[in-house]
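A short worksheet on the structure shown next.
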Amino acid sequence: MLTPVRYFLACFLAVLAPPAPALAGCQQPVEAGTGRPLIEAPRVLVVTHASSEFDARLVSKRGLDEAVRYARNERFPVVYLQDDSPIERYFADDCHPEHRLFSMEGELNADVVARQVYLAGGHLELCLAKTFGALVTQLGRRPPASMTITLPMDAVYSNGRLVEESDPWHADYLRFMQVATYGRPGGEHWPKLSLLETAGLIRTDARMLDYLERALPPFDRSLGKGWRVELSLPTSGTTKVLRKGPGRGAPVLRFEFPETLIPVIQ
């Protein structure tokens, strides 16, 4: 079970704490050229739009920086996707990814071949959704080989577009957003929360899995019937099978949403 006290403390401390100071950012240009690089490794980290232009509260910064640090410690490549918003608003501490690619809406302008892909940064419902979907589409075009796509919940930001009025925690979500955005302008700039904060409002594994299923790419369009598909909360050890597949030898696409990668490197 997701621990309610632990999550609510994390959520409201994040709201009450003073915002982190603006950072100089990684003021480096994206890679030149029109080709699509092939990024092939056992593991790859892709960071989408880590910019205060979209995540003004910087709710994804700590988790994102820890994800990059984890990649550095484990020595696998890091890819930054950047759009044309002001470069000084990109807030990742690490300014030396292996690839820095232009991506206006989260599209993945590279071919990524890996057993495990970590996704960080990015708007869960918009730009990150495009990166997420591109990975699954690419997977479906290659010979079947299992892949795990991992999204640390403290490294992803969201505007709650997937929250439905029928959700039992809908009223809690509205109250939380009123606190988080108090005195701030509306629109798409300020009203963001981390996926981990959302988990703190949802509180139970079963409801969280239901919510996360709404955010998944439409894998049925990309993968043949021979695939097994799983959705996992590795922090609590809970897994939901979305498609059984034909048997034990079936390739597996696993979507996993750990609370954070921070404990991995401590």
Side-chain angles (χ1 to χ4, degrees), residues 1-17 20 43-48 50 55 57-74 76 78 91-93 116-125 128-129 131-132 147-160 162-163 167-169 172-173 176-177 179-180 192-216 230-242 253-266:
M1 291 284 292
L2 298 172
T3 307
V5 174
R6 180 182 176 189
Y7 273 132
F8 275 112
L9 282 175
C11 291
F12 286 100
L13 283 175
V15 173
L16 296 176
R43 291 181 287 176
V44 175
L45 169 63
V46 180
V47 177
T48 302
D55 179 12
R57 293 176 57 222
L58 305 186
V59 296
S60 64
K61 176 172 170 50
R62 173 69 189 279
L64 183 155
D65 285 334
E66 294 293 349
V68 175
R69 190 171 294 113
Y70 175 61
R72 293 302 182 214
N73 289 346
E74 296 294 315
F76 59 85
V78 177
F91 53 65
D93 284 348
Q116 183 165 23
V117 179
Y118 295 84
L119 294 180
H123 192 312
L124 179 67
E125 301 87 352
L128 183 60
T131 310
F132 204 179
M147 175 187 280
T148 298
I149 303 178
T150 302
L151 292 86
M153 290 196 283
D154 64 345
V156 173
Y157 56 89
S158 164
N159 68 354
L162 300 176
V163 179
D167 289 325
W169 45 277
D172 290 336
Y173 161 75
F176 185 85
M177 288 298 283
V179 173
K192 302 290 169 53
L193 66 168
S194 74
L195 188 52
L196 184 60
E197 290 172 331
T198 307
L201 298 170
I202 295 175
R203 299 174 57 186
T204 71
D205 285 358
R207 290 175 178 173
M208 191 63 192
L209 287 169
D210 174 69
Y211 178 75
L212 291 174
E213 195 170 349
R214 303 172 196 172
L216 298 180
E230 300 175 350
L231 174 60
S232 171
L233 297 173
T235 306
S236 63
T238 306
T239 297
K240 181 177 182 179
V241 177
L242 305 180
L253 173 58
R254 183 180 181 88
F255 303 111
E256 63 177 22
F257 291 81
E259 295 173 11
T260 179
L261 291 183
I262 294 174
V264 177
I265 62 173
Q266 288 180 339

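All values below were derived from every heavy atom in this structure, side-chain atoms included, with hydrogens, water molecules and symmetry-related copies excluded. The first residue of the sequence shown is numbered 1, and numbering continues consecutively from there.
- When side chains are defined from C-beta on, Trp169 counts as touching Val163, because their heavy atoms get closer than 4.5 Å.
- Applying the salt bridge (Lys or Arg N to Asp or Glu O under 4.0 Å) criterion to Glu256, with sequence neighbours excluded, gives Arg254.
- Looking at heavy atoms from C-beta onward, Leu196 lies out of side-chain contact with Thr260 at the 4.5 angstrom threshold.
- Remark: Arg207 engages no residue in a side chain to side chain donor-acceptor pair (under 3.5 Å) (not counting sequence neighbours).
- Applying the ring-ring contact (aromatic ring centres under 6.0 Å, His included) rule to Tyr173 yields no partners; only residues at least two apart in sequence or on another chain are considered.
- Take Glu213 and apply the salt bridge (Lys or Arg N to Asp or Glu O under 4.0 Å) test, not counting sequence neighbours, and it matches Lys240.
- Closest of all the heavy-atom pairs between Val59 and Ser194 is CG2-N, 3.6 Å.
- Applying the salt bridge (Lys or Arg N to Asp or Glu O under 4.0 Å) criterion to Arg43, with sequence neighbours excluded, gives Glu74.
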Steps toward side-chain contact (heavy atoms from CB on, under 4.5 Å) verdict (Val68, Asp93) = CA-CA 9 Å; Val68 175; Asp93 284 348; over 6 Å; no

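- Taking CG of Leu58 as the start and OH of Tyr157 as the end, the distance is 10.5 Å to the nearest 0.5 Å.
- For Ala129, there are no side chain to side chain contact (heavy atoms under 4.5 Å, CB included) partners two or more places apart in sequence or in a different chain.
- Summarising the geometry, atom CG belonging to Leu212 is positioned 4.5 Å from atom CZ belonging to Phe257; distances are rounded to the nearest 0.5 Å.
- By the ring-ring contact (aromatic ring centres under 6.0 Å, His included) test, Tyr118 is found to be paired with Tyr70, Phe76, residues two or more places apart in sequence or in another chain being considered.
- Proximity of a side-chain donor or acceptor of Arg57 to a complementary backbone N or O of Lys192 within less than 3.5 Å is detected.
- By the 4.0 Å N-to-carboxylate-O rule, Arg69 lies too far from Asp65 to be salt-bridged with it.
- With rounding to the nearest 0.5 angstrom, the OG1 atom of Thr148 is 8.0 Å from the CG atom of Leu253.
- Considering only residues two or more places apart in sequence or on other chains, Ser158 meets the side chain to side chain donor-acceptor pair (under 3.5 Å) condition with Glu125.
- Remark: Arg72 engages Asp94, Glu98 in a salt bridge (Lys or Arg N to Asp or Glu O under 4.0 Å) (not counting sequence neighbours).
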Please step through side-chain contact (heavy atoms from CB on, under 4.5 Å) for the pair Ile149 and Leu119, ending with a clear verdict.
-> CA-CA 7 Å; Ile149 303 178; Leu119 294 180; 3.9 Å; yes

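- Distance NE2/His123 to OG/Ser60: 11.0 Å, rounded to 0.5 Å.
- A distance of 8.5 Å separates OG1 of Thr198 from CE of Met177, quoted to the nearest 0.5 Å.
- The side-chain heavy atoms of Phe176 and Leu201, taken from C-beta on, include a pair separated by under 4.5 Å.
- Across Thr150 and Pro152, no two heavy atoms sit closer than the pair O-CD, 3.7 Å.
- Taking OH of Tyr211 as the start and CG of Leu124 as the end, the distance is 5.5 Å to the nearest 0.5 Å.
- For Ala120, the side chain to side chain contact (heavy atoms under 4.5 Å, CB included) test picks out Leu45, Val47, Leu64, Ala67, Ala155, with sequence neighbours left out.
- Scanning all heavy atoms of the two residues, the minimum distance from Asp205 to Ser236 falls at OD2-OG, 2.9 Å.
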